[in-house]
J.: 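First, the structure itself, so that you have it in front of you.
Each residue takes its place number in the sequence, starting with 1. Counting starts at 1 for both ligands and their atoms, in listed order. Worth saying up front: this structure is predicted, and the values here are computed from it rather than measured.
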Amino acid sequence: MDTRPVPVAGVVRTAAAALARAGIDSARVEARLICAHVLGIDQSRLISADGIDDAALAEVERIVAARTGEKVPLQYLFGRAPSGRLELSVGPGVFIPRPETELLVEWVLARLPAPGGATRPVIVDLCAGSGTIALEIAHARPDAHVHAVELHDAALQWLRRNAEERAAAGDTPIEIHHGDATDPGLLPELRGRVTVVASNPPYIPMTDDLPADVLGHEPATALFGGADGLDVVVPLVDLAASLLAPGGLLAVEHDDTTGAEVAAIVERQGRFGTVEQHTDLAGRPRFVTATTPGDGGHDGHKVDDDNDEVDTTVQKGTAR
Ligand SMILES: C[S@@+](CC[C@H](N)C(=O)[O-])C[C@H]1O[C@@H](n2cnc3c(N)ncnc32)[C@H](O)[C@@H]1O
């Protein structure tokens, strides 16, 4: 029997054709990602790889079959997902971090008080899932005291695992809370003490159509926010208002159809001053930010309104 490795280019071609037949967008990109993952190399090295042996070929075929048949998300099949400057563990039960959330994280990081101030910034990530927001902030700002809140057990397990991995890699450990972000009494010990509340809550309106790999695999509790997508957002904004210190910041991601509603919810809450709507890189409304009045004893926020990569403000308003 001939057990010579099969040339990589042919395996990529065959995998891409199978993925394309199953209606998967970017079939060739995915085929290259799968082969690189199985070989444990960067995609850029595929062209110079020796070939794929029988065991690796079987693994490529297994992943392609799961992707084309059950439409399992690639990130679940790899067990890992990129998350800004990090890579996190993901699998069934947890929402896969999305690139849109990076904009919110960058916005927060650009506005945290400079390191070396009198007090450590306190960050609360509500609806933390894999921990993407909390862990990226802890990675970029070792001086920050980061708290992550998650309600659902399966997601909580991934959050704990990722937090342990990042702490083992040298990041400042984050504090995990098993709690409900719609509970107005949550985190009483942090009342009025928080520098930033950041959140990517479940926000998709119940009526939305979603691709099979999202709907069939990612938890509904991570996706949907009731009929209008705002069930979690409304009480979460109230909780944020009670947690934030004077001069604190709120950043909430939302569905691209509910930007104006979320801004209005924040304004109506009454505790916030400037409320801003931001778009994502595709120009769709994506997150709302707001500040509580006062300077909170901070050195001032590092605001750079000319930085388009970070600040994607489309509209500003003042609540009071
Ligand atoms: C859209 S996912 C976002 C996860 C993560 N922040 C991210 O950006 O990838 C929403 C998360 O909120 C969690 N969740 C849903 N309702 C919640 C609640 N009432 N309190 C806390 N977490 C909640 C879900 O389990 C899910 O992990």
Side-chain angles (χ1 to χ4, degrees), residues 73 75-76 80-109 123-139 146-163 166 174-187 190 196-206 208 210-211 213-215 217-226 229-240 242-243 250-258 262 278 280 286-288:
Q75 295 90 338
Y76 281 4
R80 304 286 286 173
S83 167
R85 299 164 178 82
L86 307 176
E87 200 182 71
L88 298 178
S89 292
V90 293
V94 77
F95 183 81
I96 298 164
R98 303 294 204 274
E100 295 91 303
T101 307
E102 287 318 302
L103 296 171
L104 182 151
V105 170
E106 293 302 325
W107 186 92
V108 168
L109 287 175
I123 318 298
V124 176
D125 172 5
L126 295 173
C127 302
S130 64
T132 178
I133 296 174
L135 293 169
E136 284 186 53
I137 293 174
H139 178 70
V146 180
H147 299 258
V149 175
E150 171 58 49
L151 178 59
H152 297 285
D153 288 339
L156 196 63
Q157 284 179 25
W158 289 104
L159 175 60
R160 291 203 170 110
R161 174 171 167 176
N162 283 318
R166 290 314 314 163
I174 65 167
E175 211 166 310
I176 293 175
H177 306 264
H178 185 190
D180 185 345
T182 68
D183 172 3
L186 193 73
L187 304 177
L190 294 181
V196 176
V197 172
S199 182
N200 176 17
Y203 59 61
I204 300 176
M206 223 42 176
D208 271 18
L210 293 175
D213 50 356
V214 176
L215 200 53
H217 295 279
E218 292 187 83
T221 45
L223 300 171
F224 298 108
L230 300 172
D231 280 7
V232 176
V233 172
V234 174
L236 180 148
V237 167
D238 283 337
L239 174 64
S242 72
L243 292 176
L250 168 68
V252 190
E253 190 172 320
H254 56 71
D255 191 71
D256 59 3
T257 61
T258 57
V262 173
H278 305 257
D280 60 23
R286 184 54 63 199
F287 68 104
V288 163

J.: Tell me, which protein residue and heavy-atom name are nearest atom 19 (N) of ligand 1, and how many Å apart are they?
T.: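 The closest one turns out to be Asp180 OD1, 2.8 Å.
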J.: Can you tell me the protein heavy atom closest to atom 7 (C) of ligand 1 and the distance?
T.: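 Protein heavy atom at minimum distance: Thr132 CG2, 3.2 Å.
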J.: State whether the side chain of Glu218 and the backbone N or O of Ile96 hold a donor-acceptor pair below 3.5 Å, judged by distance alone.
T.: yes
J.: Between Arg98, Glu150, Glu100, flag the one that comes closest to atom 24 (C) of ligand 1 by a heavy atom.
T.: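 Ranked by closest heavy atom to atom 24 (C) of ligand 1, first place is Glu150.
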J.: Specify the protein heavy atom at minimum distance from atom 6 (N) of ligand 1: its residue, its atom name, and the distance to 0.1 Å.
T.: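 Of every protein heavy atom, Cys127 O, 2.9 Å lies nearest to atom 6 (N) of ligand 1.
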J.: In ligand 1, which numbered atoms sit nearer than 4.0 Å to a non-hydrogen atom of Thr221?
T.: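 Those of ligand 1 that fall under 4.0 Å from Thr221 are 15 (C), 24 (C).
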J.: Does Ser83 offer a backbone N or O that forms a donor-acceptor pair with the side chain of Thr132 under 3.5 Å?
T.: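 Looks like no, no N/O pair under 3.5 Å.
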J.: Check for me whether Gly179 has a heavy atom closer than 4.0 Å to any atom of ligand 1.
T.: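 Within the 4.0 Å threshold, so yes.
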J.: Report yes if Asp125 has an N/O atom closer than 3.5 Å to an N/O atom of ligand 1; otherwise report no.
T.: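 No - when backbone and side-chain N and O of Asp125 are compared with those of ligand 1, no distance drops under 3.5 Å.
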J.: Describe, in one word, how the ring planes of Phe287 and His278 are oriented to each other, choosing from parallel (under 30°), tilted (30 to 60°) and perpendicular (over 60°).
T.: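 The rings of Phe287 and His278 lie parallel, inter-plane angle below 30°.
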J.: Given 3.5 Å as the limit, does a donor-acceptor pair link the side chain of His147 with the main chain of Ile123, or not?
T.: no
J.: For Ser89, is there any backbone N or O sitting under 3.5 Å from a side-chain donor or acceptor partner on Asn162?
T.: yes
J.: Applying a 4.0 Å heavy-atom criterion (strictly less than), which segment of Pro201 is in contact with ligand 1: side chain, backbone, both, or neither?
T.: backbone
J.: Hey, is ligand 1 close enough to Asn200 that some N/O pair sits below 3.5 Å?
T.: yes
J.: Output the list of atoms in ligand 1 that are nearer than 4.0 Å to some heavy atom of Pro202, sorted by atom number.
T.: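 Counting from 1, the qualifying ligand atoms are 10 (C), 12 (O), 15 (C), 16 (N).
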J.: Give me the nearest non-hydrogen protein atom to atom 20 (N) of ligand 1 as residue plus atom name, then the distance to 0.1 Å.
T.: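 Ranking protein heavy atoms by distance from atom 20 (N) of ligand 1, first comes Ala181 N, 2.8 Å.
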J.: Looking only at protein heavy atoms, identify the closest one to atom 1 (C) of ligand 1 and say how far it is in Å.
T.: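 Nearest protein contact, heavy atoms only, for atom 1 (C) of ligand 1 is Ala222 O, 3.0 Å.
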J.: Are His254 and Tyr203, when compared by the centres of their aromatic rings, separated by less than 6.0 Å?
T.: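 Ring centres of Tyr203 and His254 not closer than 6.0 Å.
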J.: Distance-only, no hydrogens or angles: does the Arg80 side chain make a donor-acceptor pair with backbone N or O of Glu87 under 3.5 Å?
T.: yes
J.: Measure the distance from atom 14 (N) of ligand 1 to every protein heavy atom, then report the residue, atom name and distance (to 0.1 Å) of the closest one.
T.: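 The answer is His152 CD2, 3.9 Å.
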J.: Pull out every atom of ligand 1 sitting under 4.0 Å from any heavy atom of Ala128, numbered as shown with elements.
T.: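 Per the distance check, 4 (C), 5 (C), 6 (N).
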J.: With heavy atoms only and a cut-off of under 4.0 Å, state how Leu151 meets ligand 1: side chain, backbone, both or neither.
T.: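 Under 4.0 Å from ligand 1, Leu151 contributes backbone and side-chain atoms.
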